[in-house]
Amino acid sequence: MTDPNAIENNPFQELGEIPEKKYHDGYKISSTYIPMRDRIKIATTICLPKGLSSSEKLPTLLVQTRYWRAMELRIPFRWILDDVISSTPNPEIYTSRGYAIVYTDVRGTGASEGTRPHPWYIDEIKDGADVVDWIISQPWSDGNVVSNGISYPGICSEFFALNNHPAVKAIMPGHAMWDAYIDLAFPGGCYDWKFMEIWSFLGKNLDKNNPKVFKQLLPAVWLIAKGVKPVDSDKDLKILIGALNQHKSNRYVYEMTLDKNYRDDPLPDGTKIIDTCIYPHKEELEKTRVPILAWCSWLDSGYVDVIIHRFANLDNPQIAILGDWNHGAGYPANQFFPERVKVTPSPRERINAWINFFDKSMKGNSIQGKTLYYYTMVEEKWKKTIIWPPKGQTMQRWYLSENNSLSRTLPRIESGADSYKINFRATTGRNNRWWTLLGLPIIYENRIKMDEKLLTYTSAPLEEDLEITGHCIVSIYFSSTHEDNAVYVYLEDIDEKGNVTYITDGQLRVIHRKISTDKPPYKIFIPYHTYNEEDAQPLTPGEIAELKFGLHATSVVIRKNHRIRIAIAGHDKDTFYRYPSKGTPTIKIEINEKFASYIDLPIIKKEI
Amino acid sequence: MEEIIPSLRNMLKQAIEYKVDENNLKITLIVKKEVKGPLAEPDEVITMFQMLGGLKEEIPMEINIDNKAQKINIKFQTKEDLNKIRAIINTIWDNTVDLLEEFIAGDLTRLKDIPDY
């Protein structure tokens, strides 16, 4: 949760005051099937403000999801709540401010017909344009459409813009992906197999209309939901049953990626991971000139870096926001304030800010240029920048040194290394930045015990506050007893009492360590690894190699008298695949003058 | 969903009334808020008692749904059975909201006690 008193540069306040409601009597819900160009029927739920006269015209918010556009509720919830109550965003706020909302089940999901070979495939994206054609032909439509969503629907909104439909005036991808390989499936080339497995399991069961899947994953939803909401006209459920049969041909990412290693590995259907990525469509997206409001959190998976990559690479008018909540902002996630229970701003305040953005976007050129708002943890302040890295950023080098120390001074010893036998029981648990992709809270807790399983390097108490904002870069000289393993590096804060607080981390599977001199496919702020098969470099056991990679971006102040810790692991058992699959490597990290291992911290110098 | 939880307890209590007719071994649930579509299927009523009310045993009951009047009539064979369901109904809406609050807060202690549906 951000500090509610952090007012200066607060993006939610800068997006404007909340205007008077236009409609006061709630909203009405209906549903229909919209036929696509190939006759596939897309299940659609429409929310309009009650009391709308036949002459009134509204802009429309389109939300496309693969997680059921609306739920058939169990009793007693069906008796008292509206059908779409568990969907986001809550229709009450949008409709009261004069928007229609259209929710769709994307092709091959929910109550929609069709099949899907992989997420965000071309037909699914094109459906967005067909749905817009339908929307603007409705008597209540003013011809303007905006789109938003969190996670999958957020990614849909960005792909949706690629249709370059003239009616689309703005998009708002929340907690969305840019590069499926490193942001989601293979961060640092390490397979995030737990998420991929659970996400696929969830998708498969949703597509079968099986609510039992929620029991373990989202038990509150399970208590409420009985299944996907059928379309009103489908009284005998014939179309729904037919659609569920078609979903049986869907394919799921876990089965497609489980045996993969490289970014350029072909998937079973002949596609590649790149086909599910936004970044190759940069030029098409820029051509649309559609304004983008993108938001995420410092602690959300690799999606934090998406905000920075999108900001640095896309020329579209853009507002970008990085806060300190979990994936989707359901829970506060600032690890320095574990006692906080609510996210600030509240969902209502947030949605109103989003509507302000859409209102401005539809007024022509109200959104111009690019601004990135970011929240600096511990300092508990919002800041904003029009460039990345932010003004004043310099790299400050800290060396891994003798006696597990972290020092500003280059090691003077001629030889020296620390051995570490990889502890395959090491874990960041199931409430980490990767598991939050399932909507779970982020809780790293005090890492003092876990660090006993890791190799750590700790600084002396700081003499003054130190702001770190951006991507830390580690360079480790090391050797291993095996050809392959992974290295996980955690940046931590230790307070005067010895409490260890997680800040961020980074990971790299060592076979991907080659730093490419090629131009990366998009601007990045860390060493460039291609993750392609031709660049794979198995280790020669016993031979020293350099491992240089970036940590996920962060913004934090480490207080005076606190210490900085770098903790190194070889596995994170509840999240990532084991490298190597058999055997227990011992790695040796060099900490000497010739092979000086270090971390560069992106610090922001205080203006005097 | 979190937004509606604080008001859910009152919404449930205000929207759903029940009457007990001990002489005829009958409980009637009355839904006062207008419901779109059919009120419920009989098996949904039992599922509701099991998921949200903690009903563990099989109690013989005859459930009749009056969609027009928005009433669910439940007829029992014994007074003991009637009292068991009466006790469940007395606490079911509080229990429902408590469960939701627990699950949202990540406390899944009671999840294992609820059968799969």
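In the text below, chain A, chain B and the rest are named by the order of the sequence lines, each starting its count at 1. FYI, side chains are in, hydrogens and waters are out, and symmetry mates aren't considered; it's all heavy atoms of this structure.
Residues B:L52 and A:P76 form a side-chain contact, since some pair of their non-hydrogen atoms from C-beta on lies under 4.5 Å apart. Using a 4.5 Å cut-off on side-chain heavy atoms (C-beta onward), A:V221 and B:F103 make no contact. A:L223 places none of its side-chain heavy atoms less than 4.5 Å from the side chain of B:T96.
In this structure, the separation between CG on B:L29 and CH2 on A:W79 is 6.0 Å, given to the nearest 0.5 Å. Rounding to the nearest 0.5 Å gives a distance of 8.5 Å between CD1 of A:I75 and CD1 of B:I16. Atom CZ of A:R74 and atom CD of B:E44 lie 9.0 Å apart (nearest 0.5 Å). Considering CD of A:Q216 and CG of B:D116, their distance stands at 8.0 Å, rounded to 0.5 Å. Between the CE atom of B:M11 and the CG atom of A:L81 there is a distance of 5.0 Å, given to the nearest 0.5 Å. For the atom pair CG (B:L111) and CH2 (A:W222), the distance works out to 6.0 Å, reported to the nearest 0.5 Å.
For the options B:M48, B:Q70, B:E101, heavy-atom pairs under 4.5 Å to chain A are most numerous at B:M48. Most heavy-atom pairs under 4.5 Å with chain A: of the set B:A105, B:G37, B:A40, this distinction falls to B:A40. Residue with the most contacts toward chain A among B:L99, B:L39, B:T47, B:L108: B:L39 (heavy-atom pairs, distance under 4.5 Å).
Residue-environment remark: NZ (B:K32) exceeds the threshold of 12 foreign heavy atoms within 6.0 Å. For B:K84, the NZ atom is densely surrounded, since the number of other residues' heavy atoms within 6.0 Å is greater than 12. Within 6.0 Å of CD on B:E62 lie no more than 12 heavy atoms contributed by other residues, nucleotides or ligands.
The minimum heavy-atom distance linking A:F77 with B:L8 is given by the pair CE2-CD2, 4.1 Å. Here the closest heavy-atom approach between residue B:L100 and residue A:A220 is recorded as CD2-O, 3.6 Å.
Contacts between B:I92 and chain A at a heavy-atom distance below 4.5 Å are absent for every atom of the residue.
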